[in-house]
*Asks:* 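Got a structure here, written out as structure tokens. Questions coming.
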Amino acid sequence: MPPIDESGRVRLLPPYGCPGKEEWVLHHEADRWLQLGFRVGSVPAQALELFWMPSDRIWSDPIGCAPIALTIDPLIKAPQPIQVNWGDGSVETIGWDALSREVPIPRHVYLDRVDLTVTVSIGLTVASLPVALLGCPVPPSVVQQGLSGGGDGSGGLAGVEPLVPGDGLDGRAYNGTTTELWRLRLHPEGGLALLPSPVDGKPALAVMYGSGAASRGTRWYSGDGPPLSAALNPPPAPGDLYLDRLTGTVYELMSGGGL
């Protein structure tokens, strides 16, 4: 089992070569992230860790280039010069203001899209980071699942970055190979705002302003005009809610056709 912190979460790192930063997920959700190629990160973090993200292009960037922003995360924030070998033959020394606790985020422009390795040195601490500019690699097992139509939502084709449900949503990752249905995570006390759930601490939809109707509601309906509860499928239960899209009026539906 991956190491778990005090809040019951697992620290994950992006797949090798892929952009991104660390992710903290609940331990029972870690498997689906690992199936996408994410890696288990150490707790506490390593002495020096590196992450990269694509950077917005500016007017002076050459056509067809690949600019990136490099996040440098030393465990001990002690300002000193940072040596960066960008992997394309260029080496740079990044200044770190002695009065700043913020680590610089250097930007570099690659003229060719190739896979390479960036190496950073801070004092005696050295770390390397693979950078896949040709496309985020996907583990071969995941590629085979995608090609065979496994339908488990975790597969995909190389170079395709899956969509992972965020806060307030439950479902499997979507990569375009199969249709996935994402459902709202309802808070035990309602369904109109994102609040930490007392069950697992993950953000979930919760009631706003103490609305008793919203806190009892379990399903939402909508239509162009007032509700005809007899025509609703499934039939409404006490506390279900209905939105009239024409007027914006919200009705609380009752069993037996009452409003």
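Residues take their numbers from the sequence shown, with the count starting at 1.
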*Asks:* Ignoring hydrogens and geometry, is there a side-chain-to-backbone donor-acceptor pair from D115 to P130 under 3.5 Å?
*Replies:*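 A pair under 3.5 Å: no.
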
*Asks:* So, using side-chain hydrogen bond (donor to acceptor under 3.5 Å, both in side chains) as the criterion, who are the partners of R107 when residues are at least two apart?
*Replies:*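 Result, side-chain hydrogen bond (donor to acceptor under 3.5 Å, both in side chains) vs R107: S55, D61.
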
*Asks:* Which residue pairs pass the ring-ring contact (aromatic ring centres under 6.0 Å, His included) test when at least one of the two sits in residues 34-89, sequence neighbours left out?
*Replies:*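 Qualifying pairs: W33-F38, W86-H108.
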
*Asks:* Give every residue pair that meets the salt bridge (charged side-chain N to carboxylate O under 4.0 Å, His left out) criterion with at least one member in residues 119-129, sequence neighbours excluded.
*Replies:*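 Salt bridge (charged side-chain N to carboxylate O under 4.0 Å, His left out) check on residues 119-129 returns no pairs.
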
*Asks:* Are V114 and Y110 in one and the same hydrophobic cluster, where Ile, Leu, Val, Met, Phe, Trp and Tyr link if side-chain heavy atoms are under 4.5 Å apart?
*Replies:*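 V114 and Y110: one cluster.
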
*Asks:* Minimum heavy-atom separation for D244 to G225, with atom names?
*Replies:*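 Minimum heavy-atom contact is OD1-N, 2.9 Å.
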
*Asks:* Report whether L34 and L13 are members of the same hydrophobic cluster (ILVMFWY, side-chain heavy atoms less than 4.5 Å apart, transitive linking).
*Replies:*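 As far as the 4.5 Å side-chain criterion goes, L13 and L34 are not connected within one cluster.
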
*Asks:* Evaluate whether atom CD1 of I76 has more than 12 neighbouring non-hydrogen atoms of other residues, nucleotides or ligands under 6.0 angstrom away.
*Replies:*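 12 or below, so no.
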
*Asks:* Are any non-hydrogen side-chain atoms of N85 and V118 less than 4.5 angstrom apart?
*Replies:*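 No. Closest side-chain heavy atoms not under 4.5 Å.
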
*Asks:* Can you list the residues that meet the side-chain hydrogen bond (donor to acceptor under 3.5 Å, both in side chains) rule with S128, with sequence neighbours excluded?
*Replies:*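 Residues passing side-chain hydrogen bond (donor to acceptor under 3.5 Å, both in side chains) with S128: T119.
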
*Asks:* Mind listing the closest non-hydrogen atom pair of L133 and R113 along with its distance?
*Replies:*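 Nearest heavy atoms, L133 then R113: O-NH1, 3.7 Å.
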
*Asks:* Of all heavy-atom pairs between P104 and G95, which one has the smallest distance, and what is that distance?
*Replies:*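 So the minimum-distance heavy-atom pair works out to CG-O, 3.3 Å.
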
*Asks:* If every non-hydrogen atom of A45 is compared with every non-hydrogen atom of L75, which pair is closest and at what distance?
*Replies:*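 What the structure gives for the nearest pair is O-CD2, 3.8 Å.
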
*Asks:* Run the salt bridge (charged side-chain N to carboxylate O under 4.0 Å, His left out) test against D224 and tell me which residues pass, sequence neighbours left out.
*Replies:*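 Scan of D224 (salt bridge (charged side-chain N to carboxylate O under 4.0 Å, His left out), adjacent residues dropped) gives R245.
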
*Asks:* Between E49 and R39, does at least one N-O distance fall below 4.0 Å, as a salt bridge requires?
*Replies:*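 Not counted as a salt bridge, because no side-chain N and carboxylate O are separated by less than 4.0 Å.
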
*Asks:* Specify the closest pair of heavy atoms between G87 and L116, including all atoms of both residues, with the distance to one decimal.
*Replies:*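 Minimum heavy-atom separation between G87 and L116: O-CB, 4.1 Å.
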
*Asks:* Rounded to the nearest 0.5 Å, what's the gap from CG on L70 to CD1 on I94? Could you check?
*Replies:*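 Those atoms lie 8.5 Å apart.
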
*Asks:* Suppose we screen for side-chain hydrogen bond (donor to acceptor under 3.5 Å, both in side chains). Which residues come up paired with T125, at least two apart in sequence or across chains?
*Replies:*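 So T125 forms no side-chain hydrogen bond (donor to acceptor under 3.5 Å, both in side chains) with any residue.
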
*Asks:* For T93, what residues pass the side-chain contact (heavy atoms from CB on, under 4.5 Å) criterion, not counting sequence neighbours?
*Replies:*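 If we apply the side-chain contact (heavy atoms from CB on, under 4.5 Å) test to T93, skipping adjacent residues, the hits are P81, Q83.
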
*Asks:* Check whether any side-chain heavy atom of I72 sits under 4.5 Å from a side-chain heavy atom of P106, and report yes or no.
*Replies:*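 Yes, their side chains come closer than 4.5 Å.
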
*Asks:* Write out all pairs satisfying side chain to side chain donor-acceptor pair (under 3.5 Å) with one or both partners inside residues 68-82, taking only residues at least two apart or from two chains.
*Replies:*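 Applying side chain to side chain donor-acceptor pair (under 3.5 Å) to every pair that reaches into residues 68-82, excluding sequence neighbours, yields D73-K77.
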
*Asks:* Should V40 and L12 count as side-chain neighbours, where that means a heavy-atom distance under 4.5 Å?
*Replies:*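 SC-SC contact between V40 and L12 confirmed.
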
*Asks:* What residues, two or more places apart in sequence or in another chain, satisfy side-chain contact (heavy atoms from CB on, under 4.5 Å) together with E102?
*Replies:*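 E102 satisfies side-chain contact (heavy atoms from CB on, under 4.5 Å) with S100 only.
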
*Asks:* What are the two closest heavy atoms between P74 and W96, and how far apart are they?
*Replies:*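 In this case the closest contact between P74 and W96 is CG-CH2, 4.1 Å.
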
*Asks:* Are M53 and P14 side-chain neighbours, meaning at least one heavy-atom pair lies under 4.5 Å?
*Replies:*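 Of all side-chain heavy-atom pairs linking P14 with M53, none is under 4.5 Å.
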
*Asks:* With sequence neighbours left out, write down each residue that passes salt bridge (charged side-chain N to carboxylate O under 4.0 Å, His left out) with E92, or none if nothing qualifies.
*Replies:*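 Listed in chain order: nothing, the list is empty.
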
*Asks:* Should we say atom CG of D97 is surrounded by more than 12 heavy atoms from elsewhere, each under 6.0 Å from it?
*Replies:*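 More than 12 heavy atoms, drawn from other residues, nucleotides or ligands, come within 6.0 Å of this atom.
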
*Asks:* Among residues at least two apart in sequence or on other chains, which ones pass side-chain hydrogen bond (donor to acceptor under 3.5 Å, both in side chains) with E23?
*Replies:*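 Per chain and number, E23 pairs via side-chain hydrogen bond (donor to acceptor under 3.5 Å, both in side chains) with no residue.
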
*Asks:* By side-chain contact (heavy atoms from CB on, under 4.5 Å), which residues pair with P62, not counting sequence neighbours?
*Replies:*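 Applying side-chain contact (heavy atoms from CB on, under 4.5 Å) to P62 gives C65, V109, L111.
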
